[in-house]
Amino acid sequence: MMVPVRCFSCGKVVAEDYEKFKELAKRKPTNEVFKELGIDRPCCRRMYLTTVEFIDELMEYQK
Ligand SMILES: [Zn+2]
């Protein structure tokens, strides 16, 4: 699966928290998950959000 390793804008590593993010996002609102993981910059949040949308799209093709 394609997960960007670093935020394109600020260079923060996003890949290491990505699995955690994916798990938590199933049960909680996205904003709370970001708070819990300490992702406070909009540029980094965007990295997670675009990747999650991308995965949802792929799963629809597999049905
Ligand atoms: Zn960033």
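Whatever order the structure lists them in is the order used to number ligands and atoms, beginning at 1.
- Between Tyr48 and Phe21, the two ring planes are tilted [angle within 30° to 60°].
- For the pair Arg6 and Gly11, the tightest heavy-atom approach, listed with the atom from each and the gap, is NH1-O, 2.8 Å.
- The side chain to side chain contact (heavy atoms under 4.5 Å, CB included) with Cys44 is formed by just one residue from the set Ile39, Asp17, Val13; it is Ile39.
- Counting only distances under 2.8 Å, and ignoring water, the protein N, O or S atoms around the Zn ion (ligand 1) are Cys7 SG, Cys10 SG, Cys43 SG, Cys44 SG.
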Practice task
Show your working on side-chain hydrogen bond (donor to acceptor under 3.5 Å, both in side chains) between Thr30 and Arg45 and close with a plain yes or no.
Solution key: CA-CA 9 Å; Thr30 316; Arg45 294 183 178 200; over 6 Å; no
Practice task
Applying side-chain contact (heavy atoms from CB on, under 4.5 Å), run through Phe34 and Leu49 and close with a yes or a no.
Solution key: CA-CA 10 Å; Phe34 282 139; Leu49 290 176; 4.1 Å; yes
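- Classification of Glu23 and Lys20 as a salt-bridged pair fails, no side-chain N sitting under 4.0 Å from a carboxylate O.
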